[in-house]
Amino acid sequence: MYAQLPVIRRYGEAAVAAAAAAIRGGGIVALPSETVYGLAADARDSDAVARIYAAKGRPSFNPLIVHVPDLAAAAAIAVFDEDARALAARFWPGPLTLVLPLREGAGIASLVTAGLETVAIRVPAHRAFRAVLAACGAPLAAPSANASNGISPTRAGHVAASLGERVPLILDDGATAAGVESTILAGRTILRPGPVTAEMLAQVLPVMPGRTAHVSAPGQLAVHYAPSKPVRLGATSACEGEWLIGFGDVAGDDTLSASGDVVEAAARLFDALHRGDASDRTAIAVAAVPAVGVGVAINDRLRRAAGAE
């Protein structure tokens, strides 16, 4: 007996309508964003959110990001101060998540916030995600659409390979642009680096990198974004049995960017890890990537893929 495969529908009015109908019915749907593909459900529906956790095998203490269409919708859920409003004005819609106090009576399921008094929230820029938000009229909780601790998906095929029949519908709009998850900011502290870099944030207000003592936002588990094979970092050549992912002058079986472009590397990162994980080698080696700009986010993902945090 063959496993049931998810339905993959190309972006368009019919696909958006089908995704919105599934969400309104309490289901889960995989959607592309400008960062990675997300596994979305109505953030107000505890049962639907539980289906996300079940599909991913995600620890219940790891909160989810709530996606909304605009600042007004975000302000109905979270309490904004001047800093948060300035950041939203500059970077939304876009790949910046703000961790803010949860507004009383916001109606967000407690599973989404993992019982915390804060909520992680952002306004996505991707046309498909925004179209589904508009069509279903609900805030959407949406972590990356992959099995928990696995490689984040940047294509519809990655979602299907990782989750299979656990996700009934995937809206396919091609490869994601950024290739890594959103930057997460709590106050003026960067909890997770991402496409909105520290340098970009500093143009609005002073920020600093940091990590809270407990998991207060998505993507803070020490082992995360991990292939099934061992990962070695800082490689200049492949050892026996390794699939080498190169960067710059380090060539390999694959490369993040032959020209040494960290933005190109970010967009290719999870694709390359997927290919290495699917190869006939027993381990993966990755060349060093400079911690400059979005390279900080790349190194964050790679360290946790290697279990080095």
Side-chain angles (χ1 to χ4, degrees), residues 33-36 63 65-68 70-75 77-102 116 118-126 129 144 152 176-222 224-225 233 247-248 256-257 259-270 288-305 308-309:
S33 77
E34 66 272 31
T35 56
V36 298
I65 296 173
V66 176
H67 299 73
V68 293
D70 51 37
L71 176 58
I77 293 170
V79 179
F80 281 70
D81 58 15
E82 290 185 8
D83 281 1
R85 287 189 177 276
L87 290 163
R90 172 64 179 82
F91 297 111
W92 281 359
L96 176 65
T97 295
L98 300 176
V99 178
L100 299 169
L102 181 65
L116 301 173
T118 55
V119 61
I121 195 163
R122 85 175 180 102
V123 176
H126 195 282
F129 210 117
S144 56
S152 295
T176 62
V180 293
E181 293 84 350
S182 64
T183 304
I184 298 180
L185 194 67
R188 297 186 175 188
T189 301
I190 300 171
L191 297 184
R192 182 177 74 184
V196 178
T197 65
E199 293 82 0
M200 295 163 67
L201 291 165
Q203 295 174 10
V204 179
L205 52 83
V207 296
M208 66 182 74
R211 188 67 60 91
T212 56
H214 58 283
V215 178
S216 62
Q220 289 185 269
L221 293 178
H224 201 45
Y225 319 109
L233 305 182
F247 178 86
L256 296 177
S257 174
S259 64
D261 184 334
V262 292
V263 175
E264 181 182 34
R268 293 183 174 183
L269 175 62
F270 289 126
V289 176
V292 176
V294 75
V296 176
I298 294 170
N299 281 289
D300 171 78
R301 304 311 191 273
L302 286 174
R303 283 192 298 272
R304 284 188 269 176
E309 288 194 358

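Heavy atoms only: backbone and side chains are in, while hydrogens, waters and symmetry mates are out. As the structure is a prediction and not an experimental result, all values here were calculated from the model. Numbering starts at 1 and runs along the sequence shown.
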Closest non-hydrogen contact found for Val296 with Pro193 is CG1-CB, 3.8 Å
**OP:** Check for a donor-acceptor pair, side chain of Thr189 on one end and backbone N or O of Met208 on the other, with a separation under 3.5 Å.
**Re:** no
- Regarding Thr97 and Ser182, is there a side-chain donor-to-acceptor distance under 3.5 Å anywhere? yes
**Report entry** Donor-acceptor pair, side chain of Asn299 and main chain of Val289, under 3.5 angstrom
**Finding:** yes
So CG of Leu100 and CG of Leu87: to nearest 0.5 Å the spacing works out to 9.0 Å
* Asked: Step by step, would you call Val99 with Ile184 a side-chain contact (heavy atoms from CB on, under 4.5 Å)?
  -> CA-CA 7 Å; Val99 178; Ile184 298 180; 3.6 Å; yes
Closest non-hydrogen contact found for Ala266 with Val180 is O-CG1, 4.0 Å
Interatomic distance, CG@Asp300 vs CZ@Arg192, rounded to 0.5 Å, equals 8.5 Å
Close side-chain approach of Thr35 and His126, heavy atoms under 4.5 Å:
no
Rounded to the nearest 0.5 Å, the CD1 atom of Ile121 sits from the CD1 atom of Ile77 at a distance of 4.0 Å
Closest heavy-atom pair, Pro195 versus Pro95, reported as atoms and distance to 0.1 Å, is CB-CG, 3.7 Å
task = Begin with the C-alpha distance, continue with both residues' side-chain angles, and end with the deciding distance and a verdict on side-chain contact (heavy atoms from CB on, under 4.5 Å) for Leu102 and Thr118.
result = CA-CA 5 Å; Leu102 181 65; Thr118 55; 5.9 Å; no
On a heavy-atom basis, the closest approach of Ala78 and Phe80 is O-CD1, 3.5 Å
All heavy atoms of Trp92 vs all of Arg122, minimum pair found to be CZ2-CA, 3.5 Å
The side chain to side chain contact (heavy atoms under 4.5 Å, CB included) partners of Val79 (sequence neighbours excluded) come to Pro101, Arg103
Whether the side chain of Glu34 engages the backbone of Ala125 through a donor-acceptor N/O pair (distance < 3.5 Å, no angle test) should be reported.
yes
Distance col, row Phe91:CZ vs Leu201:CG, nearest 0.5 angstrom, shows 5.0 Å
Here the pair of heavy atoms bringing Leu302 nearest to Leu233 is O-CD1, 3.7 Å
So CD of Glu181 and OG of Ser144: to nearest 0.5 Å the spacing works out to 5.5 Å
- Between the side chain of Arg90 and the main-chain N/O of Met200, is any donor-acceptor distance below 3.5 Å? no
Separation between CZ (Phe129) and OG (Ser33), nearest 0.5 Å, reads 6.5 Å
